[in-house]
Amino acid sequence: MNDDSGDSGDSGGRGLNPDGTIRREGSLTRVPAVFVPVVEAARARIAETFGGARLHSAYIYGSIPRGTAVPGVCDLDLLLALRAEPTEADRAAAQTVEAELDGSFDQIDGVGVLLVAAETVTSELERNDLGFFLACLCTPLLGEDLAARLPHYRPTPLLARETNGDLHLSLPRWRRRAAETTTDAERRNLSRGAARRIVRSGFTLVMPRWGGWTSDLAESAEVFAGYYPDHPERGEQMRTAARTGRTPSADPAVLAMLIDDLAPWLAAEYLAVHGEKAPRP
């Protein structure tokens, strides 16, 4: 699970609690005033659509609860933990919620609703990926907070492997999409998603040595570059990726650099350093 949202704006103390565990990002108290009506509408719409026996809990993540969202630019990211595995009806309902919220507020540019089963979040297999994502990168919005059932996380090699040790699996999909893109909008969308995943992976590659956590794209790129002084070209590429993650590019050369050069090198380096993420069913 990868948080593909914007910057954290909260990297003081390397994102750690006093005991060295990773501090949870975001809070409803940090939501900028302009986005408060958006969050309240999301809360109400989720409760109306998924309330009762279906919804266990709901969360908001990304730049809005971190207080760094830019009106008209940032999207609204939501995670819903259901009491059972999501069904096609659940997915259709989530798409309706996405469209209604996106169409109702000029403050946001897109809405994403991620559906998961609550028992999956707390499972042994997902504990250091989806579990970490919820416990440290998501802000509770409705229901019982599943973070209470999860451990306190540290910036370990295990966390690095289980969060981004599958980057190599994304490469064929990105290449297919790149070959099929015909518009600048499609290229920007692909460059944004790929760039953010690459920067996250570059950061978590060196995270255990750095000894902290950040979701700030620019800081992530600089942390990565600091551990690869013998590969200054990779540091510059990572900085370009960080900029592209915030301001997507339709330039085919930028996209080619990301998915045909930087990403394959990074994926191979990741496997060599941390190994492959545990396979999913």
Side-chain angles (χ1 to χ4, degrees), residues 1-26 61-63 65-69 74 128-129 132-133 135-138 152-168 170 191-249 254 257-259 261-275 277:
M1 174 57 55
N2 295 280
D3 174 14
D4 284 337
S5 49
D7 296 342
S8 73
D10 188 17
S11 56
R14 296 196 173 184
L16 300 179
N17 294 309
D19 65 355
T21 58
I22 296 173
R23 184 174 64 243
R24 193 174 211 171
E25 295 182 342
Y61 63 94
S63 58
R66 289 195 293 247
T68 61
C74 293
N128 288 290
D129 186 14
F132 163 73
F133 176 71
C136 293
L137 307 185
C138 292
H152 298 289
Y153 293 90
R154 297 178 183 274
T156 63
L158 173 62
L159 189 63
R161 186 184 76 225
E162 291 304 303
T163 51
N164 287 296
D166 59 348
L167 176 63
H168 60 289
S170 297
S191 73
R192 177 182 183 271
R196 291 186 176 201
R197 176 69 195 278
I198 288 167
V199 175
R200 300 289 182 232
S201 299
F203 168 70
T204 54
L205 172 65
V206 301
M207 171 189 66
R209 285 187 283 170
W210 189 62
W213 179 268
T214 180
S215 287
D216 184 285
L217 294 175
E219 183 178 29
S220 295
E222 291 304 323
V223 170
F224 165 83
Y227 286 92
Y228 281 87
D230 296 336
H231 297 276
E233 74 285 0
R234 298 302 183 190
E236 285 305 312
Q237 288 179 327
M238 196 65 74
R239 294 182 182 103
T240 297
R243 291 191 295 270
T244 305
R246 291 305 302 265
T247 307
S249 173
V254 172
M257 181 277 289
L258 290 173
I259 67 177
D261 187 4
L262 179 57
W265 174 85
L266 181 61
E269 183 74 0
Y270 215 102
L271 291 175
V273 173
H274 295 302
K277 179 178 181 174

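Residues M238 and E222 are not in side-chain contact: their nearest non-hydrogen atoms beyond the backbone lie 4.5 Å or more apart. The closest side-chain heavy-atom distance from T68 to D216 is not below 4.5 Å. Using a 4.5 Å heavy-atom cutoff, the side chains of W213 and C136 are not in contact. Annotation: side chain of I22 is in contact with side chain of L16 (closest heavy-atom distance under 4.5 Å). You'll find the side chain of R234 reaches within 4.5 Å of the side chain of D261, heavy atoms only. Looking at H274 and P208, their side chains come closer than 4.5 Å, going by heavy atoms from C-beta outward.
Once rounded to the nearest 0.5 Å, the distance linking CD1 of I198 with CG of L167 reads 7.0 Å. With rounding to the nearest 0.5 angstrom, the CG atom of D166 is 7.0 Å from the CG atom of D129. Distance check, rounded to the nearest 0.5 Å: NZ of K277 to CZ of R161 gives 11.0 Å. One finds the OG1 atom of T204 at 10.5 Å from the CZ atom of F224 (value rounded to the nearest 0.5 Å).
Remark: side-chain polar atoms of T163 are paired, donor with acceptor, to backbone N or O of L159 under 3.5 angstrom. Counting only distance, with no hydrogens or angles, the side chain of Y61 and the backbone of G26 share no donor-acceptor pair below 3.5 Å. Remark: side-chain polar atoms of D19 are paired, donor with acceptor, to backbone N or O of T21 under 3.5 angstrom. A donor-acceptor contact shorter than 3.5 Å is absent between the side chain of R23 and the backbone of R14.
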Using the rule given for side-chain contact (heavy atoms from CB on, under 4.5 Å), can you reason through R196 versus R246, listing the C-alpha separation, both sets of side-chain angles and the distance that settles it, and then say yes or no? CA-CA 8 Å; R196 291 186 176 201; R246 291 305 302 265; 4.0 Å; yes

Please test M207 against T156 for side-chain contact (heavy atoms from CB on, under 4.5 Å), starting from the C-alpha separation and ending with a verdict. CA-CA 8 Å; M207 171 189 66; T156 63; 6.0 Å; no

Could you go step by step and tell me if T247 and R243 meet the side-chain contact (heavy atoms from CB on, under 4.5 Å) rule? CA-CA 6 Å; T247 307; R243 291 191 295 270; over 6 Å; no

Does the pair R197 and N164 meet the rule for a side-chain contact (heavy atoms from CB on, under 4.5 Å), with working shown? CA-CA 9 Å; R197 176 69 195 278; N164 287 296; 3.1 Å; yes

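Side chains of S63 and R66: a donor-acceptor N/O pair is absent below 3.5 angstrom, by distance only.
Of all heavy-atom pairs between R239 and A225, the closest is NH2-CB, 3.6 Å. Taking every heavy atom of both residues into account, L266 and G202 meet most closely at CD2-N, 3.7 Å. Of all heavy-atom pairs between R24 and C138, the closest is NE-O, 2.8 Å. Residue S215 comes nearest to E25 through the heavy atom pair OG-OE2, 2.9 Å, listed as atom of the first residue, atom of the second, then distance. Residues Y153 and A135 share a closest heavy-atom pair of CE1-CB, 3.8 Å. Of all non-hydrogen atoms in V199 and S220, the two that sit nearest each other are CG1-CB, 3.6 Å.
The side-chain hydrogen bond (donor to acceptor under 3.5 Å, both in side chains) analysis of residues 223-233, with sequence neighbours excluded, yields the pairs Y228-E269.
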